[in-house]
Amino acid sequence: MPTYLCVDDQQRKHVLANLEKLVVKPANESGGYGMLVGPASTRKEREEVARHDPGRPRNFIAQPTLTLSTVPTVVADHFEPRHVDMRPFILSSDVITVTTGGLTGRAAQGLAGRQLLPGAQQGHSDV
């Protein structure tokens, strides 16, 4: 997956010109805090990111938005689709090994709620 480093002037210009298509996130954090999901963002949110970017560009990266799979999820008395992602465990030493199993994250809100991220701060459940 292409990753744009906002510290690079040309890549940052590309990111700022395409905020509505990209996911912009802090480069040195986890959990999805401070993320902008371009296709689900408002014009005001994109303008806010563009305004604050020049002061700390090395802190951000951007990537294309992915279409996540969905899984039927019981909600009250019916099923609704929820976005899911898989998080494999990778062991790295002299040899890199992808282990069997891992975590699956499920978004708490349905597709109508526009929730794309199964991240902890977004109200997901690990299943």
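Only a predicted model underlies this, so the values are computations on that prediction, with no experimental measurement involved.
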**Message:** So, using salt bridge (Lys or Arg N to Asp or Glu O under 4.0 Å) as the criterion, who are the partners of D77 when residues are at least two apart?
**Reply:** none

**Asked** Can E47 and R51 be said to form a salt bridge (Lys or Arg N to Asp or Glu O under 4.0 Å), step by step?
**Response** CA-CA 6 Å; E47 288 171 353; R51 226 181 3 260; 5.1 Å; no

Decide yes or no for [X] and [Y]: does some side-chain heavy atom of the first lie under 4.5 Å from some side-chain heavy atom of the second?
| X | Y | value |
| --- | --- | --- |
| Y4 | P2 | yes |
| R12 | V7 | no |
| Q63 | T3 | yes |

**Asked** Counting only N and O atoms by type, is there a donor-acceptor contact under 3.5 Å from the side chain of T99 to the main-chain atoms of F89?
**Response** yes

**Request:** Return the minimal non-hydrogen interatomic distance between M35 and P26, and the atom names on each side.
**Result:** N-CD, 4.4 Å

**Prompt:** If you look at every heavy atom in I96 and S92, which pair is closest and at what distance?
**Reply:** CG1-OG, 3.9 Å

Return a table of donor-acceptor pairs under 3.5 angstrom between the side chains of residues 16-24 and protein atoms on other chains or two or more places apart.
residue	atom	partner	partner atom	Å
N18	OD1	K21	NZ	3.3
N18	ND2	H14	O	2.8
N18	ND2	H14	ND1	3.3

**Request:** May I ask whether I61 and V49 are part of the same hydrophobic cluster, defined by side-chain heavy atoms of I, L, V, M, F, W, Y residues being less than 4.5 angstrom apart, directly or through others?
**Result:** no

**Message:** I need the E48 CD to E45 CD distance, nearest 0.5 Å.
**Reply:** 9.0 Å

